[in-house]
Amino acid sequence: MTALTPQSDMPTPTTDKITQAAMETIYLCKFRVSMDGEWLCLRELDDISLTPDPEPNPEDPNYLMANERMNLMNMAKLSIKGLIESALNLGRTLDSDYAPLQQFFVVMEHCLKHGLKAKKTFLGQNKSFWGPLELVEKLVPEASEITASVKDLPGLKTPAGRGRAWLRLALMQKKLSEYMKALINRKDLLSEFYEPNALMMEEEGAIISGLLVGLNVIDANFCMKGEDLDSQVGVIDFSMYLKEGPIAKCSEGDGQITAILDQKNYVEELNRQLSATVNNLQAKVDALEKSNTKLTEELAVANNRIITMQEEMERMKEDTTYFSKNLFQGNKQDRTADGQMLSEVRKHLKEETQLRLDIEKELEVQIGMRQEMEMAMKMLDKDVCEKQDALAALRQQLDDLRALKHELSFKLQSSDLAVKQKTELNSRLEEKTNQMAATIKQLEQSEKNLVKQAKTLSSTASKLLHKQQ
């Protein structure tokens, strides 16, 4: 931007000329790019003051922090605007592999990390934005659900990973703007985590929370169980925002084919997931059938054991009756011996009775488990039937989409053939036009020759008349 500096030996340009020079200097980009320390400075042209200001001190911490806040706010504007436009053009649910969405989370992470106070631990100093995000559940009770979900995720081991998971869940809930606004309004709580001139403590944070409202029109779906959020490196890709947009849009037919291919890929992925779910359910049904067979066998063994114990009890009752009769018929010594034997028999009978009760209780438990297994198998069968119906419907939709794709391909080929025929006809017409132009030139030349011959003849005739006279 050195071209804007007036020279001492030249007249001072007017404000209009300076503005025009500024617009010509930045070409098609609406941002001024310069390096300031470790930060890439992006400033909108509307924010650039064209009047001479006192030169700021680059080593001033307040100036550096203000410059960083402005950079992050402009990057957030670009990221949110690009994400909304690309998502609306795409017209389907976004996932974690979508590049503009990944860049948005990287920018938000930088915004939340700006001006964080370092906490001293046994391993050294640590800066994490998970601490401020945990405050949201105290300010907005609805946020307690996603906070609990983040804490229950088994793969997250670092505070940074929990913070990234929290941002994704909040975006899925379409309440990220509401949560950030509630957090920024409580600067008394944020002062524990941020420096006074951090982005979350200044007006740039409120502007970013207002920009996040536009993301409520986006539908996103993330599967964070297999995603490694702890070791992600947050690097902003400036090439996504500084390059020019496409010069021309695709034709209507190509756009329809692209949309159909996207739908086809989505349906195939959904079909694959449903097939995997059906296979898992089938494996569970097989396992339940094996368990049910095993329980049936154990129940039959328990019934046989109960019948055997009942027979033993009947035999012991007969023995007891026999010993009772002999007790009254024998002498006293025999009665004493029989009394001891009777006590032992009674003790044995009591033990067998207790064992029978225990077996009956175990049998009742096994019967209850068998009924529960039967109910679970019925529910699984019903679920499998529903999944199979949904799978059949999706396959029908896939066949319809394939038929539509073939029809559009045929129409596209027909249109290409018609264009080719028209091009050939146009070339023929041009050839005929050229031939007619050449013929016209020949006729004009013949006409000129005839005119010259007529003039020659007239002059000759006039000379003959003079001689005759």
Undergrad: Got more than 12 heavy atoms from elsewhere within 6.0 Å of CD, Q310?
TA: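 Enclosed: over 12 neighbouring heavy atoms sit under 6.0 Å from CD of Q310.
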Undergrad: If only atom types and distance count, is the side chain of N185 paired as donor or acceptor with the main-chain N or O of K181 below 3.5 Å?
TA: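 Side chain of N185 to backbone of K181: a pair is present.
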Undergrad: Test side-chain contact (heavy atoms from CB on, under 4.5 Å) on R186 and L139 and set out the steps.
TA: CA-CA 9 Å; R186 294 299 302 271; L139 305 176; 3.6 Å; yes
Undergrad: Check whether D383 reaches the backbone of M379 with its side chain - one donor and one acceptor, N or O, closer than 3.5 Å.
TA: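 Here the side-chain-to-backbone pair does not exist.
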Undergrad: Look only at the side chain of R69 and the backbone of H114, and say whether a donor-acceptor pair between them is shorter than 3.5 Å.
TA: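 No, because the side chain of R69 does not come within donor-acceptor range (under 3.5 Å) of the backbone of H114.
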Undergrad: Please determine whether the number of non-hydrogen atoms from other residues, nucleotides or ligands lying under 6.0 Å from atom NZ of K174 exceeds 12.
TA: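 Atom NZ in K174 is packed in, count exceeds 12.
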Undergrad: Given 3.5 Å as the limit, does a donor-acceptor pair link the side chain of S209 with the main chain of S177, or not?
TA: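 A pair under 3.5 Å: no.
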Undergrad: Under the criterion side chain to side chain contact (heavy atoms under 4.5 Å, CB included), which of N426, V419, L425 is the partner of T423?
TA: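 By the side chain to side chain contact (heavy atoms under 4.5 Å, CB included) criterion, T423 pairs with just one of N426, V419, L425: V419.
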Undergrad: Crowded around E192 CD? As in, over 12 foreign heavy atoms under 6.0 Å?
TA: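 Open: at most 12 neighbouring heavy atoms sit under 6.0 Å from CD of E192.
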Undergrad: Give a yes or no answer on whether the side chain of K151 reaches the backbone of R162 with a donor-acceptor pair at less than 3.5 Å.
TA: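 No.
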Undergrad: Angle between ring planes, W166 versus Y179, binned at 30° and 60°: parallel, tilted or perpendicular?
TA: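 Answer is tilted, since the angle falls between 30° and 60°.
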Undergrad: So, R370 and E298, do they make that salt bridge, N to O below 4.0 Å?
TA: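 No, R370 and E298 are not salt-bridged.
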Undergrad: Can you name the residues that form a ring pair (Phe, Tyr, Trp, His ring centres under 6.0 Å) with Y98, not counting sequence neighbours?
TA: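 Not a single residue meets the ring pair (Phe, Tyr, Trp, His ring centres under 6.0 Å) criterion with Y98.
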Undergrad: Any chance you could lay out the side-chain contact (heavy atoms from CB on, under 4.5 Å) test for E142 and Q173, step after step, and finish with the verdict?
TA: CA-CA 10 Å; E142 298 175 359; Q173 277 191 345; 5.8 Å; no
Undergrad: Should we say atom NZ of K157 is surrounded by more than 12 heavy atoms from elsewhere, each under 6.0 Å from it?
TA: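 No, because the 6.0 Å sphere around NZ of K157 holds 12 heavy atoms or fewer from other groups.
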Undergrad: Using a strict 4.0 Å threshold on nitrogen-to-oxygen distance, state whether E374 and K378 make a salt bridge.
TA: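 So E374 does not pair with K378 through a salt bridge.
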Undergrad: At what distance, to the nearest 0.5 angstrom, does OG1 of T293 lie from NZ of K290?
TA: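 With rounding to 0.5 Å, OG1 (T293) is 9.5 Å from NZ (K290).
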Undergrad: Might you point out which heavy atoms bring P132 and L190 nearest each other, and give the distance in Å?
TA: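 Heavy atoms only, the tightest pair is CB-CD2, 4.3 Å.
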Undergrad: Test side-chain contact (heavy atoms from CB on, under 4.5 Å) on E289 and M377 and set out the steps.
TA: CA-CA 8 Å; E289 288 179 353; M377 287 182 63; 3.6 Å; yes
Undergrad: Does the pair I184 and I208 meet the rule for a side-chain contact (heavy atoms from CB on, under 4.5 Å), with working shown?
TA: CA-CA 10 Å; I184 290 172; I208 292 175; over 6 Å; no
Undergrad: Give a yes or no on whether the backbone of A76 and the side-chain of S79 come within a donor-acceptor separation of less than 3.5 Å.
TA: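 Such a contact is absent between S79 side chain and A76 backbone.
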Undergrad: Counting N and O atoms only, with roles assigned by atom type, does the side chain of D399 sit under 3.5 Å from a partner on the main chain of Q396, one being a donor and the other an acceptor?
TA: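 No; judged by distance alone, with no hydrogens or angles, the pair does not exist.
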Undergrad: Check for me whether R164 meets the cation-pi criterion with F105, that is, NZ or CZ under 6.0 Å from the six-membered ring centre and within 45 degrees of the ring axis.
TA: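 Judged by the rule, R164 and F105 form no cation-pi pair.
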Undergrad: For the residue pair S291 and M373, what are the closest heavy atoms and their distance?
TA: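 In terms of heavy atoms, the two residues are closest at OG-CE, 3.8 Å.
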